[in-house]
Amino acid sequence: MTKVLVTGGCGFIGTNLLHYILEHRPDWEVVNLDLLTYAGNLENTHALAERYPSRYTFARGDIADAAFVDALFAQHRFSLVLNLAAESHVDRSIEGAGVFIRTNVVGVQVLLDAARKHRTDRFLQVSTDEVYGSLGSQGRFHEGLPLEPNSPYSASKAAADLLVRAYIHTHGLDAVITRCSNNYGPYQFPEKLIPLMVVNALNNRELPVYGDGRNVRDWIHVEDHCRGIVAVAEKGVTGQAYNLGGDAEKENIEIVRAILGHLGRPETLIRFVKDRPGHDFRYAMDHSKITRELGWTPEVDFAGGLSRTIDWYLDHRPWWERIISGDYQHYYERMYTNR
Ligand code: NAD
Ligand code: TYD
């Protein structure tokens with residue numbers, strides 16, 4: 001058995017990664033460490049706890065709490081750490097950066113220290129294309145570029161990447177980094193572009209498009225990202241960063257129109273609103289390194305993946321209604337009180 005720590009497993013990508021690992025890696029035993037912030041939903045992993053009682057455990061805690069993390073590592077002796085726990089929303093980082101620094105920077109330092117002390121075989125940091133900054137209309141990000149983050153969120157993620165680099169260089173830690181573009185798919189919190197627009201359209205609410213809607217993101221289905229994380233964990237070369245992207249550059253307005261078209265709702269719902277401060281214009285990933293070295297390529301085509309995702313939100317109305325009402329935040333108390 002490979003003993004694996006996944007952090008942030010109750011969030012969007014973490015939930016999908018836990019499903020992927022438990023299904024595709026029968027010899028991996030997983031502990032999910034998650035603080036259950038506003039973005040963490042324990043309901044997402046409830047079925048996993050029932051389906052894989054001997055291979056899956058949940059631990060509620062903060063990656064920035066050194067004593068808690070040290071005790072967890074002492075108890076489990078992980079051979080692999082996959083760090084996904086983070087504050088992840090750019091708009092929230094503009095409102096207040098403090099919690100981004102605590103979780104995304106201090107939290108990573110605490111995990112790196114624990115990995116060192118307890119001799120974890122490999123540490124994988126899940127990072128983002130946003131650490132590279134913003135592109136004009138030409139070119140794509142490759143791993144050799146300098147880190148030029150523009151938002152408090154991306155600055156905190158870049159700081160984490162540099163800490164990982166420093167622990168590799170200084171302490172000889174075996175660590176790797178994945179940098180991925182914008183994900184979409186099931187379980188994404190409805191504050192991010194795609195689920196927000198789907199949910200608003202279904203509720204006949206306006207769809208707020210920032211600026212002129214011409215900013216470009218490179219979309220990847222979350223299943224492709226999860227497969228890439230596991231590939232890098234298993235085959236990546238220590239000290240290396242690997243870009244992952246979906247080969248699907250889209251202007252925001254194109255996506256919003258596609259969602260309305262799929263749902264049969266009118267384009268009059270679109271409302272152009274004040275732009276995000278410091279809004280990065282364009283992201284696009286060159287993933288040729290991971291394709292060449294590890295044989296990974298994105299497999300989900302965007303049009304089909306988007307349709308499936310919209311249908312998932314249609315089929316899981318109670319899931320996002322509980323989020324919007326705030327009910328899901330009481331789930332932990334319901335699950336764990338009097339147990
Ligand atoms: P998310 O916001 O949906 O989930 C984050 C999870 O981390 C939540 O379950 C939350 O409860 C948990 N968490 C937050 N602070 C914590 C703390 N201090 N201790 C323990 N757990 C904590 O985020 P996501 O979209 O699933 O992103 C996961 C990772 O992938 C992040 O590191 C993010 O930077 C990175 N990433 C995301 C995208 C994307 O498009 N969503 C793209 C590239 C990289
Ligand atoms: P988002 O999903 O927040 O991801 P990120 O900022 O990390 O790329 O936003 C994706 C794009 O959609 C980004 O260009 C901002 C834009 N956007 C809107 O136009 N309206 C919205 O309500 C949101 C949340 C995002």
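Remember, predicted model here, so these are calculated numbers, not experimental data. Whatever order the structure lists ligands and atoms in, that order sets their numbers, starting from 1.
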Main-chain N/O of D121 paired to S79 side chain as donor or acceptor, under 3.5 Å: no

Identify the protein heavy atom lying closest to [atom], giving its residue, its atom name and the separation to 0.1 Å.
atom: atom 40 (O) of ligand 1; value: N183 N, 2.9 Å
atom: atom 42 (C) of ligand 1; value: S181 O, 3.4 Å
atom: atom 41 (N) of ligand 1; value: I13 CD1, 3.7 Å
atom: atom 11 (O) of ligand 1; value: D34 OD1, 2.6 Å

Carboxylate-amine/guanidinium contact R317 E321, below 4.0 Å: yes

From V126, N104, I194 - option closest to atom 30 (O) of ligand 1 by heavy atom: V126

Closest to atom 5 (C) of ligand 1 among A160, A86, G8, S156 (heavy-atom distance): A86

A85 neighbourhood, listing ligand 1 atoms whose heavy-atom distance to it stays under 4.0 Å: 7 (O), 20 (C), 21 (N), 22 (C)

Numbered atoms and elements of ligand 1 in range of K157, under 4.0 angstrom, heavy atoms: 31 (C), 32 (O), 33 (C), 34 (O)

Non-hydrogen atom of T7 closer than 4.0 Å to ligand 1: no

Heavy atom of Y153, distance to ligand 1 below 4.0 Å: yes

Does any N or O of ligand 1 fall below 3.5 Å from an N or O anywhere on [X], backbone included?
X: H225; answer: no
X: F12; answer: yes
X: T103; answer: yes
X: T37; answer: yes
X: G9; answer: no
X: L33; answer: no
X: E87; answer: no
X: C180; answer: no
X: T128; answer: no
X: A64; answer: no

Residue that, paired with M197, satisfies side-chain contact (heavy atoms from CB on, under 4.5 Å) out of L263, I310, I270, V256: V256

Qualifying ring pair (Phe, Tyr, Trp, His ring centres under 6.0 Å) pairs with a residue from residues 128-165, counting only residues at least two apart or across chains: Y132-F141

Contact list for residues 239-280, test ring pair (Phe, Tyr, Trp, His ring centres under 6.0 Å), sequence neighbours left out: none

Pair Y56, N32: side-chain N/O donor-acceptor within cut-off below 3.5 Å: yes

Set of residues that line ligand 2, where lining means a heavy atom lies under 4.0 Å from it: H89, V90, E130, N182, E191, K192, L193, L196, M197, P208, V209, Y210, N215, R217, N252, R276, H279, Y283

Hydrophobic cluster membership, V222 vs V30, 4.5 Å side-chain cutoff: yes

Part of L36 with heavy atoms under 4.0 Å of ligand 1, whether side chain, backbone, both or neither: backbone

Residue R276 excluded, over 12 heavy atoms near CZ under 6.0 Å: yes

Pairwise side-chain hydrogen bond (donor to acceptor under 3.5 Å, both in side chains) hits with a residue in residues 9-23, at least two apart: T15-N44

